[in-house]
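Shown next, in structure tokens, is the structure this report addresses.
Just the heavy atoms: all of them, side chains too, but no hydrogens, waters or symmetry mates, feed the values below.
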There are 2 protein chains.
Amino acid sequence: MGLAKTEMFTDEQNEISLFAKAFGHPARVSILQHLFKIDSCVCGDLVAEIGLAQPTISQHLKELKLLGLIKGNVEGTSVCYCIDKENWTAMKNVMTAFLDQDLKSSGECC
Amino acid sequence: MGLAKTEMFTDEQNEISLFAKAFGHPARVSILQHLFKIDSCVCGDLVAEIGLAQPTISQHLKELKLLGLIKGNVEGTSVCYCIDKENWTAMKNVMTAFLDQDLKSSGECC
DNA sequence: TTTGTTGATTGCAATATTACGATTAATTAT
DNA sequence: ATAATTAATCGTAATATTGCAATCAACAAA
């Protein structure tokens with residue numbers, strides 16, 4: 001196909017797109033919202049909550065964990081997941097700076 | 001494969017993921033940043049700016065336009081693109097509400 | 001130990017995305 | 001009319017993502 005290499009873009013652009021990609025699937029949005037709603041660790045009721053199979057949820061969790069947005073602690077047979085608030089804040093700062101670009105541009109056009 | 005249907009998720013979750021998907025590629029992030037930086041219409045120098053072929057850029061522009069984040073006005077042989085600030089603000093409100101979830105959750109865990 | 005429970009991993013099949021050469025469409029210049 | 005310019009579209013190849021059945025690994029309960 002011809003993949004656009006990350007070298008073509010700035011670190012900031014690559015970082016923004018990586019975070020955005022994590023939110024680019026409703027299942028992951030749903031997982032994150034659930035973790036916030038519960039506001040504590042969730043031990044595996046995500047499969048019941050969302051209507052997807054266990055391996056699928058596990059895969060989505062893995063991606064979110066890899067990005068650092070969530071933490072997973074083993075607790076007996078189950079694993080407890082929760083938001084990594086520190087990393088979430090850092091991500092939010094990056095994304096907010098991107099979304100707030102309009103504040104600096106006053107021009108009208110077209 | 002088995003696509004997760006949009007009916008499985010809330011309208012909000014689907015909307016967030018659609019916007020996020022638009023930002024999920026560094027080329028589109030780059031296009032949007034450039035449009036903000038210029039702060040006026042851009043008549044097709046995006047291909048020179050970003051290192052991708054003209055059909056590729058055109059395709060990315062189409063997606064952003066379909067989502068309503070940018071506008072394109074035909075002007076002679078060229079087309080002028082700029083941010084649709086009204087829609088950008090609406091998108092920002094949706095995304096910000098999602099990103100700011102952490103403000104409402106005070107709990108410590110794990 | 002055996003059984004049950006929970007969640008990760010593997011191995012695929014289905015689908016979506018990305019990139020670009022070639023072409024087309026629309027407009028302008030000569 | 002012809003040529004030049006600009007950007008959209010088509011067709012297709014390469015790659016990435018998603019979903020899940022099957023399996024595996026770790027631990028707990030009997």
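Taking atom CG of residue A:Leu64 and atom P of nucleotide C:dG7, one finds them 16 Å apart after rounding to whole Å. Going from atom CD1 of B:Ile70 over to atom C1' of D:dA7 covers 13 Å, rounded to whole Å. Rounding to whole angstrom units, CD of residue B:Glu75 and P of C:dA26 are separated by 19 Å. To the nearest angstrom, P of C:dG7 lies 8 Å from OH of A:Tyr81. For the pair B:Lys65 NZ and D:dT9 P, the computed distance is 8 Å after rounding to whole Å. To the nearest angstrom, C1' of D:dG19 lies 13 Å from CD1 of A:Ile31. Distance B:Leu61 CG to D:dT6 P: 16 Å, rounded to the nearest Å. Residue A:Leu52 contributes atom CG, which lies 11 Å from atom P of D:dA21 at whole-angstrom precision.
In this structure, B:His60 does not reach the C:dT17 phosphate: none of its side-chain N or O atoms is under 4.0 Å from OP1 or OP2. Here B:His25 reaches the OP1 or OP2 of C:dA19: one of its side-chain N or O atoms lies under 4.0 Å away.
Residue contacts shown for B:Thr56 include a base, since a base heavy atom lies under 4.0 Å away. Across all strands shown, A:Ser58 has heavy atoms under 4.0 Å from base atoms, whether or not it also approaches the sugar-phosphate.
Looking at which nucleotide of DNA chain D each of A:Lys21 and A:Gly51 is closest to, the 5′-most match is held by A:Lys21. Comparing A:Pro55 and A:Thr77 by the nucleotide of DNA chain D whose heavy atom lies nearest to each, the residue mapping closer to the 5' end is A:Pro55. Nearest-nucleotide positions on DNA chain C for B:Val74 and A:Asp45 put A:Asp45 closer to the 5' end.
With distances taken from any side-chain atom of B:Gln59 to the nucleotides C:dA19, D:dC20, D:dT9, the minimum falls on C:dA19.
Classified by interplanar angle (parallel below 30°, tilted 30° to 60°, perpendicular above 60°), the ring pair B:Trp88/A:Phe98 is perpendicular.
Donor-acceptor pairing under 3.5 Å, judged by distance alone, is present between the side chain of B:Gln54 and the base of D:dA8.
The side-chain heavy atoms of B:Cys82 and B:Leu35, taken from C-beta on, include no pair separated by under 4.5 Å. Between A:Phe23 and A:Leu69 the shortest side-chain heavy-atom distance falls below 4.5 Å.
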**OP:** Kindly indicate, with the supporting measurements, whether the criterion side chain to side chain donor-acceptor pair (under 3.5 Å) is fulfilled by A:Gln33 and B:Gln101.
**Re:** CA-CA 8 Å; A:Gln33 284 181 334; B:Gln101 281 174 104; 4.7 Å; no

**OP:** Decide side chain to side chain donor-acceptor pair (under 3.5 Å) for B:Ser105 and A:Lys85; before the verdict, give the C-alpha distance in whole Å, the side-chain angles of both, and the deciding distance to 0.1 Å.
**Re:** CA-CA 10 Å; B:Ser105 79; A:Lys85 297 203 175 160; 3.0 Å; yes

